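Accompanying notes for the structure given below.
Predicted model only: the values in this text are computed from it and were never measured. Index from 1, following the sequence.
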Amino acid sequence: KERLSFMLEDTKSSILLTQAKFKDYLFEKESNFIFLDSDWETIQKENKKNIKSGVNADNIAYVIYTSGSMGRSKGVVVEHGSLINAFWAWEKAYNISSDTTSHLQMASFSFDVFSGDIIRTLCCGAKLILCPREILLSAHELWSLIDKYKVDCCEFVPVVLKNLSDYLKERNQKMDCMSILIVGSDSFHL
């Protein structure tokens, strides 16, 4: 509660999008909460036309907070232009194009890797397949998800890829649908 209160005050957020089930984790001041589940009926009545946002490259896309291991957490501002520059770098390094159609998202939305997953997907016009956290180490379920949606771009941590590759090797299967496989955050040994 204290950490969430700090982040809301620090960012001077005027609105918090959340779900009613998290109400107990939030501080008492609810005037700026929109509950995407319990308020959905009201939300659906809003105008469905796209609005002109006026957002530019210098505007803040999001603020991500450090763990606070040195005391108080610190917010790091990420601008829209930085995300687009990151996409252009990924596009060049990984040869990402509009030919990639399905990206698998495995990182928690509260981790900065998530923004990479969503930006790579949106900027090349692909669909983002959300991977439930509980199946990451279940090679059978993970492979079923990848195969079902013909995922052709993934960013793996080595332990998840190793588990999946061992599973596929045992069954003499290949990841034929995969055209871009990104592995990072740790050393990798097959």
Side-chain angles (χ1 to χ4, degrees), residues 1-19 22 25-27 29-37 39-40 42-131 133 151-157 179-186:
K1 248 182 179 179
E2 187 179 313
R3 182 173 164 87
L4 291 173
S5 291
F6 163 73
M7 288 189 288
L8 287 171
E9 288 174 30
D10 188 53
T11 58
K12 297 178 181 29
S13 296
S14 57
I15 296 172
L16 175 66
L17 301 177
T18 187
Q19 296 174 346
F22 298 121
Y25 296 100
L26 305 168
F27 64 102
K29 183 182 167 194
E30 284 186 37
S31 59
N32 60 344
F33 294 176
I34 296 176
F35 297 108
L36 294 173
D37 48 2
D39 294 338
W40 193 248
T42 304
I43 294 167
Q44 284 184 309
K45 293 176 185 172
E46 294 293 326
N47 190 331
K48 295 188 180 7
K49 289 176 90 174
N50 284 336
I51 58 172
K52 185 169 180 150
S53 72
V55 170
N56 66 53
D58 295 329
N59 291 134
I60 297 171
Y62 64 89
V63 178
I64 191 162
Y65 280 81
T66 62
S67 63
S69 59
M70 299 298 285
R72 197 169 193 154
S73 296
K74 182 174 77 173
V76 178
V77 173
V78 179
E79 296 173 344
H80 287 274
S82 297
L83 292 174
I84 297 305
N85 286 337
F87 171 73
W88 286 333
W90 289 315
E91 181 183 46
K92 185 176 180 181
Y94 303 138
N95 199 26
I96 295 174
S97 69
S98 59
D99 294 338
T100 57
T101 60
S102 295
H103 294 239
L104 187 64
Q105 182 278 315
M106 292 182 273
S108 164
F109 76 92
S110 62
F111 185 43
D112 65 343
V113 171
F114 178 82
S115 65
D117 292 340
I118 199 164
I119 293 301
R120 279 194 304 268
T121 304
L122 292 175
C123 287
C124 69
K127 65 182 169 191
L128 185 63
I129 307 301
L130 303 177
C131 180
R133 187 161 184 77
V151 172
D152 54 6
C153 181
C154 280
E155 183 172 356
F156 283 96
V157 293
S179 60
I180 300 172
L181 184 64
I182 305 163
V183 183
S185 83
D186 200 356

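- Considering every non-hydrogen atom in both Leu8 and Phe33, the closest pair reads CD1-CE2, 4.4 Å.
- Using a 4.5 Å heavy-atom threshold, the side chains of His80 and Val55 count as touching.
- No donor-acceptor pair closer than 3.5 Å links the side chain of Asp39 to the backbone N or O of Leu36.
- Under the 4.5 Å side-chain criterion, counting only non-hydrogen atoms from C-beta, Ser73 is in contact with Arg3.
- Salt bridge Arg120/Glu155: present, at least one basic N to carboxylate O contact under 4.0 Å.
- Expressed to the nearest 0.5 Å, how far SG of Cys124 lies from CZ of Phe87 amounts to 5.5 Å.
- Heavy atoms only, all atoms of each residue included: Ala126 and Ser102 are closest at CB-N, 4.1 Å.
- Evaluated for a side chain to side chain contact (heavy atoms under 4.5 Å, CB included) with Ser13, the options Ile15, Leu17, Thr11, Leu16 yield exactly one hit, Thr11.
- Taking the side chain to side chain contact (heavy atoms under 4.5 Å, CB included) definition, one finds that Phe22 meets it with Thr18, Gln19, Tyr25, sequence neighbours left out.
- At least one side-chain heavy atom of Phe156 sits under 4.5 Å from a side-chain heavy atom of Leu181.
- Rounding to the nearest 0.5 angstrom, the gap separating the CD1 atom in Ile119 from the CH2 atom in Trp88 is 12.0 Å.
- Lys49 NZ: 12 or fewer foreign heavy atoms inside a 6.0 Å radius.
- Side-chain contact check for Ile60 versus Val78: every heavy-atom pair is 4.5 Å or farther apart.
- Atom CD of Glu46 is separated from atom CD of Gln44 by 11.0 Å, given to the nearest 0.5 angstrom.
- Atom CG of Leu104 and atom CG of Leu130 lie 8.5 Å apart (nearest 0.5 Å).
- Residues Tyr65 and Val76 have side chains not in contact (no heavy-atom distance under 4.5 Å, counting atoms from C-beta outward).
- Taking each heavy atom of Glu79 and Ala57 in turn, the nearest pair found is CB-O, 3.6 Å.
- Proximity of Asp10 to Lys12: side-chain heavy atoms (C-beta onward) are nowhere separated by under 4.5 Å.
- Counting heavy atoms from C-beta on, the side chains of Ile180 and Cys154 never come closer than 4.5 Å.
- Rounding to the nearest 0.5 Å gives a distance of 8.5 Å between OG of Ser82 and OH of Tyr62.
- Of the inter-residue distances, the one linking Gln105 atom CD with Leu128 atom CG reads 5.5 Å to the nearest 0.5 angstrom.
- Taking 4.5 Å as the limit, some side-chain heavy atom of Ser115 sits within range of a side-chain heavy atom of Leu83.
- In terms of modelled atom types and a separation under 3.5 Å, the side chain of Asp152 and the main chain of Thr101 share a donor-acceptor contact.
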